[in-house]
Amino acid sequence: MSVEAMYQEIILDHYREKHHSGLREPYGAQVTHVNPTCGDEVLLRVQLDGDVVADVSYEAVGCSISQASTSVMSDLVIGRSVADALALHEEFTEMMHSRGELEPDEDTLEDGIAFIGVAKFPARVKCALLGWSAFKDAAAQALATKES
Amino acid sequence: MSVEAMYQEIILDHYREKHHSGLREPYGAQVTHVNPTCGDEVLLRVQLDGDVVADVSYEAVGCSISQASTSVMSDLVIGRSVADALALHEEFTEMMHSRGELEPDEDTLEDGIAFIGVAKFPARVKCALLGWSAFKDAAAQALATKES
Amino acid sequence: MSYDVELIRADFPILERRVGEYPLAYLDSANTSQKPQVVIDAMVDHYERHNANVARAMHVLGAEASAAYEAGREKVAAFIGADRADEVVFTKNASEALNLAAHSLGQGLKPGDEVVITVMEHHSNIVPWQLLCARTGATLRWFDITDDGRLDLAKAAAENLINANTRIVSVGWVSNVLGTVNPIAQIAAQAHAVGAVMVVDGAQAVPQLTTKVAESGADLVAFTGHKMVGPTGIGGLWGRHDLLTELPPFLGGGEMIEIVRMTGSTFAPPPYRFEAGTPPIAEAVGLGVAADYLAELGMADVAAHERAITAYALETMQQLDGLAVLGTTEVGPEGRGGAISFTLATRDGLDIHPHDVMTFLDSRGVAVRGGHHCARPLHERLGITASTRASFYLYTLEREIDQLVEALAYTRDFFGRAA
Amino acid sequence: MSYDVELIRADFPILERRVGEYPLAYLDSANTSQKPQVVIDAMVDHYERHNANVARAMHVLGAEASAAYEAGREKVAAFIGADRADEVVFTKNASEALNLAAHSLGQGLKPGDEVVITVMEHHSNIVPWQLLCARTGATLRWFDITDDGRLDLAKAAAENLINANTRIVSVGWVSNVLGTVNPIAQIAAQAHAVGAVMVVDGAQAVPQLTTKVAESGADLVAFTGHKMVGPTGIGGLWGRHDLLTELPPFLGGGEMIEIVRMTGSTFAPPPYRFEAGTPPIAEAVGLGVAADYLAELGMADVAAHERAITAYALETMQQLDGLAVLGTTEVGPEGRGGAISFTLATRDGLDIHPHDVMTFLDSRGVAVRGGHHCARPLHERLGITASTRASFYLYTLEREIDQLVEALAYTRDFFGRAA
Ligand SMILES: Cc1ncc(COP(=O)(O)O)c(C=O)c1O
Ligand SMILES: Cc1ncc(COP(=O)(O)O)c(C=O)c1O
């Protein structure tokens with residue numbers, strides 16, 4: 001697989017125009033995740049409404065893969081139940097660790113399937129997972145705060 | 001050179017019967033020298049009378065080479081002027097660093113020439129020098145105390 | 001296939017060396033082990049084809065080097081029986097691992113707190129704790145030993161050695177002098193009962209025993225590459241994941257950070273938090289192959305060989321008049337490892353100093369160690385200043401023991417003749 | 001013989017590697033350098049014929065290994081221009097050397113005392129001092145930089161940065177990001193005038209410049225083996241002999257002691273006082289050969305080649321629209337070393353992130369580094385989060401620079417097309 005093919009149009013589009021970017025109020029939890037080897041950082045907020053993800057807002061610096069992936073993630077999880085969103089996180093993570101050998105499900109992952117090519121570049125897998133991990137962490141915290 | 005030849009009769013005799021061994025009073029200075037890699041230790045005292053080495057007494061643990069060398073040293077320096085004793089230290093040290101290539105002077109070094117064989121065993125040179133270094137150190141300290 | 005020492009020796013190029021007219025009998029493996037060709041070759045291949053810095057480099061070579069480095073970690077983790085690879089921190093040797101433990105565990109210590117070690121420890125498991133106690137005002141306390149060289153657990157109990165003030169207990173798994181195998185699980189249970197952390201110096205255990213750190217009772221275990229047929233320049237600290245996660249960093253620098261700001265820094269999760277700077281990359285590759293080499297031989301077989309050769313040595317050596325073995329002479333899984341330290345005297349009772357023994361043995365092709373073996377307090381406890389140590393490993397032959405015993409008899413008689 | 005890069009490349013087996021259809025252009029030498037065959041061979045010979053522990057072993061192999069280890073020290077000492085071999089302490093890398101400096105120098109620090117570093121430091125010369133200040137309550141202060149990436153000495157003077165409270169000043173000799181060569185002697189004079197100790201991070205200087213530590217003005221200089229064609233797993237701290245003699249130990253363990261007693265221990269003279277445990281023996285052998293290799297090439301010629309290739313790179317790279325070099329673009333002995341960090345944007349102004357640049361370059365055989373290069377405060381100061389770095393060494397060819405520039409143009413245009 002060529003590097004050109006890995007950088008699908010979808011990824012570059014999301015890089016150029018990040019969806020749901022910027023920090024918004026209110027929020028139930030806020031986390032910072034970092035890829036220490038490269039310095040990519042994301043500050044991410046999650047707001048829940050009952051068990052639905054009402055909003056995800058973020059400020060991120062990093063490569064096109066991490067930025068686009070965060071953008072795609074926000075599209076996918078906003079408006080979904082936390083359970084469904086976390087299931088998507090599972091599915092996306094599994095795809096990224098498949099070394100590109102999994103057949104991703106476009107019905108569930110939508111634009112996320114563009115990252116299947118990235119899964120063939122082990123050095124970049126972490127980039128694609130940064131925003132997703134931050135979301136998982138923040139969602140868990142938001143749930144916990146709610147319950148306590 | 002064989003290891004058997006290195007262990008000359010003189011060395012073994014001094015090992016079996018260490019001259020001037022034991023700690024005595026009075027003394028002008030006392031030092032402890034250690035060969036940290038092997039644990040050989042010597043606690044050594046020097047007493048000066050004017051600029052003459054009146055006494056050298058010591059308590060030492062260690063191998064036959066270090067013990068015998070300390071014994072030979074005490075024989076050589078007691079009763080000599082500090083300057084002469086330090087000159088002997090110089091001469092002995094030089095011989096030990098010669099890798100056995102120097103022709104030692106029996107008139108000055110006396111029993112000390114038995115250690116020329118040890119000079120061919122780099123790992124053991126430190127052993128032969130332990131007591132001598134302690135003497136040099138203690139003599140310098142005894143001189144300094146006197147003068148101050 | 002059964003364990004064939006001659007076949008195994010063919011893997012170790014250095015064992016073909018001769019010392020003058022004698023074949024080399026390398027009986028100093030507790031000091032450092034020799035290296036099989038596969039370990040050397042793996043490092044050569046790494047340098048010739050895959051060398052790059054890890055983690056920070058994401059180009060092809062960087063990805064290869066990073067994968068090789070982490071594969072080394074996984075192999076080592078599997079070999080020592082860790083639950084997860086990220087429980088293994090690479091250090092430069094066992095000493096650094098123990099210093100890391102002392103600094104990170106000891107950061108909050110204060111006067112009144114107690115650290116417990118044993119009188120049979122290697123200096124590397126003594127000095128870091130002495131320095132820690134000097135820094136913090138904590139008190140260092142010691143397990144004594146019995147006359148046959150075992151930890152004196154009864155005396156420790158009587159003295160209430162491990163008590164409510166105990167914060168850290170650090171014990172060697174296998175003594176590098178006496179060969180004693182210490183009851184780690186039992187001591188760990190005592191430590192845990194009072195809320196103390198159990199550190200184990202596994203430098204001599206990991207090479208010889210089937211090690212299952214996760215089941216050992218220990219919280220942290222230090223080990224070193226060069227004693228387990230691996231390269232110099234690498235060692236490790238295994239730690240329970242939840243403990244490592246809590247511990248503050250020790251060395252600061254590249255790779256161990258999360259975010260560095262002028263106002264302060266945050267740190268990466270373990271194991272990276274404890275690996276500042278460029279790690280021993282080629283060495284991790286070599287150590288991984290060393291772990292695989294040992295695993296393929298089978299550690300049960302390696303341990304069985306060690307017991308057999310030690311039993312043979314104890315039996316033949318003790319037939320020598322004038323030779324006295326330090327510590328226990330029972331062999332067995334709970335008995336002793338493969339290091340035999342001893343003193344030697346002439347028939348007329350003259351102690352032959354270990355250096356002199358060593359020099360004579362060396363001239364007859366036998367490599368042993370003489371001195372305090374970095375365990376001076378133990379020697380002081382035994383009332384001697386030094387001993388001679390013969391130590392064996394997976395490549396040791398009975399014929400080498402015979403060569404040792406012959407050389408010892410010759411040495412004794414040479415010094416005896418001088419009487 | 002004149003300096004013939006093609007001939008020199010034949011010494012480095014890895015440089016023959018290809019990445020897909022492209023020859024490998026390894027432009028990541030500031031991260032780690034490649035190794036000549038002689039260095040690899042020396043370590044193989046050591047393991048296959050001379051391996052033993054040092055100092056503690058006095059048999060034939062032990063004597064050979066000890067002599068080889070100390071010969072490594074002598075070669076390195078000569079190479080860096082030390083007055084005496086025992087001024088060189090072997091560590092595992094430059095980071096450990098800087099941590100050693102921070103712990104040993106910093107033991108007596110207290111609130112009110114100040115430690116001065118610079119905003120362009122590598123994390124390895126930041127975090128140890130942050131941790132030291134956190135331990136002791138001392139204050140960490142920073143040299144700022146000017147817009148062209150040099151230390152802002154005027155601002156420092158105006159702020160009275162180095163003053164009567166200053167205890168330690170630690171500065172990188174050559175920046176691993178900007179390539180800036182810092183005025184060490186001048187800063188050392190200021191430090192010494194107020195009684196402070198001058199520490200220098202020479203990790204990037206020693207491989208590139210003719211280093212004369214004894215004349216540098218520094219009191220301590222850290223360096224690392226893997227960046228100077230030597231192996232991983234070894235670095236060093238040079239120190240003025242009288243200073244080293246005064247400094248307390250850092251890591252405790254075997255080999256660094258004089259007498260270990262249960263009541264307390266005394267320590268060996270330097271360099272041994274600072275080398276706890278089994279040192280990186282084979283690595284010291286390799287590093288000695290690496291130092292000899294560099295000395296034989298001639299460091300003046302190596303430095304001249306570095307300047308020439310850097311000048312060529314600066315010239316050709318700057319012809320690329322959208323590429324902006326960080327820091328100074330003056331080449332010369334006082335100018336800059338051979339690391340060029342830059343940012344890249346498409347013609348319509350989209351920043352192409354260094355990771356994306358790196359991945360594209362990698363696919364075309366060009367190995368560079370993207371990120372903050374362990375210098376996050378510097379990048380923050382420059383108002384960016386990351387950069388791409390190409391770095392050169394004694395084996396770098398102009399054709400590799402051409403390959404880089406072509407790949408950069410291709411990358412820029414690929415991301416531009418997506419507009
Ligand atoms: C300027 C500088 N200082 C320190 C270091 C740390 O060196 P090491 O990783 O070998 O400890 C590096 C290299 O990474 C460096 O470039
Ligand atoms: C029991 C024990 N602990 C610790 C060490 C230290 O290991 P290293 O020298 O590799 O740090 C050794 C070996 O010398 C040892 O035998």
Side-chain angles (χ1 to χ4, degrees), chain C residues 13-14 17 19 28 31-32 34-35 40 44 47-49 51-53 56-61 92-96 99 122-124 126-128 130-131 142 224 226 231-234 251-254 257 259-262 264-265 276-278 280-283 358 362 367 369 371 374 376-377, chain D residues 13-14 17 19 28 31-32 34-35 40 44 47-49 51-53 56-61 92-96 98-99 122-124 126-128 130-131 142 224 226 231-234 251-254 257 260-262 264-265 276-278 280-283 358 362 367 369 371 374 376-377:
Chain C
I14 206 170
R17 272 204 57 171
V19 179
D28 197 20
N31 202 351
T32 200
Q34 295 304 341
K35 323 301 173 200
I40 302 170
V44 168
Y47 280 128
E48 288 185 356
R49 300 180 41 79
N51 177 66
N53 214 322
R56 307 184 263 198
M58 291 196 247
H59 42 69
V60 168
L61 292 184
K92 69 174 172 178
N93 52 26
S95 303
E96 186 199 338
N99 280 274
H122 188 280
H123 292 163
S124 292
I126 296 176
V127 181
Q130 288 183 326
L131 294 173
W142 306 68
T224 199
H226 66 94
T232 55
I234 190 164
L251 301 179
I257 54 93
I259 303 184
V260 175
R261 295 199 176 83
M262 289 176 68
S265 300
T278 302
I281 305 169
E283 290 80 0
M358 198 176 56
D362 182 44
R369 183 170 172 197
C374 298
R376 191 181 176 283
Chain D
I14 206 170
R17 273 204 56 171
V19 180
D28 197 19
N31 202 351
T32 200
Q34 297 303 343
K35 323 301 173 201
I40 302 169
V44 169
Y47 280 128
E48 289 185 354
R49 301 182 39 79
N51 177 66
N53 214 322
R56 306 183 264 199
M58 292 196 248
H59 42 68
V60 168
L61 292 183
K92 70 173 171 178
N93 54 25
S95 303
E96 186 199 337
L98 290 162
N99 280 277
H122 186 280
H123 292 163
S124 292
I126 296 176
V127 181
Q130 288 183 327
L131 294 174
W142 305 69
T224 199
H226 67 94
T232 54
I234 190 165
L251 302 178
I257 55 92
V260 176
R261 292 198 177 83
M262 289 177 69
S265 300
T278 302
I281 304 168
E283 290 79 0
M358 198 177 54
D362 182 43
R369 184 170 170 196
C374 298
R376 191 181 177 285

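Residue numbering restarts at 1 for every chain, and letters A, B, ... go by the order of the sequence lines.
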What part of C/Arg17 lies closer than 4.5 angstrom to a heavy atom of chain D: side chain, backbone, both or neither?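 The answer is the side chain of C/Arg17.
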
Test item: C/Asn53 side-chain N/O and D/Asn31 main-chain N/O as donor-acceptor pair under 3.5 Å: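 Pair found, side chain donor or acceptor close to backbone of D/Asn31.
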
Please answer whether the main-chain N or O of C/Ala282 pairs with a side-chain N or O of D/Thr232 as donor and acceptor at a distance below 3.5 Å.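 Here the side-chain-to-backbone pair exists.
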
Step-by-step side-chain contact (heavy atoms from CB on, under 4.5 Å) determination, D/Asp362 to C/Met58: CA-CA 8 Å; D/Asp362 182 43; C/Met58 291 196 247; over 6 Å; no

Which one, [options], leads in non-hydrogen pairs under 4.5 Å with chain C?
options: D/Thr32, D/Val60, D/Asn51; answer: D/Asn51
options: D/Ala94, D/Ser124, D/Pro280; answer: D/Ser124
options: D/Asn93, D/Ile234, D/Leu98, D/Val260; answer: D/Val260

To the nearest 0.5 Å, tell me how far [X] [atom1] sits from [Y] [atom2].
X: D/Ile40; Y: C/Ile40; atom1: CD1; atom2: CD1; answer: 13.5 Å
X: D/His123; Y: C/Ile257; atom1: NE2; atom2: CD1; answer: 5.0 Å
X: D/His59; Y: C/Arg369; atom1: NE2; atom2: CZ; answer: 9.0 Å
X: D/Leu251; Y: C/Glu96; atom1: CG; atom2: CD; answer: 6.5 Å

Portion of [X] that has a non-hydrogen atom of chain C nearer than 4.5 angstrom:
X: D/Ala367; value: both
X: D/Val19; value: side chain
X: D/Gln130; value: side chain
X: D/Ile281; value: both

Given side-chain contact (heavy atoms from CB on, under 4.5 Å), test D/Asp28 with C/Leu61 step by step and report yes or no. CA-CA 10 Å; D/Asp28 197 19; C/Leu61 292 184; over 6 Å; no

Can you name the nearest heavy-atom pair linking [X] to [Y], along with the distance?
X: C/Lys92; Y: D/Ala276; value: CE-O, 4.4 Å
X: C/Gly277; Y: D/Ser95; value: CA-OG, 3.1 Å
X: D/Pro128; Y: C/Gly253; value: CD-N, 4.5 Å

Heavy-atom pairs under 4.5 Å with chain D - which of C/Met262, C/Lys35, C/Arg49 has more of them than the others?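 When all of C/Met262, C/Lys35, C/Arg49 are compared, C/Met262 has the most.
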
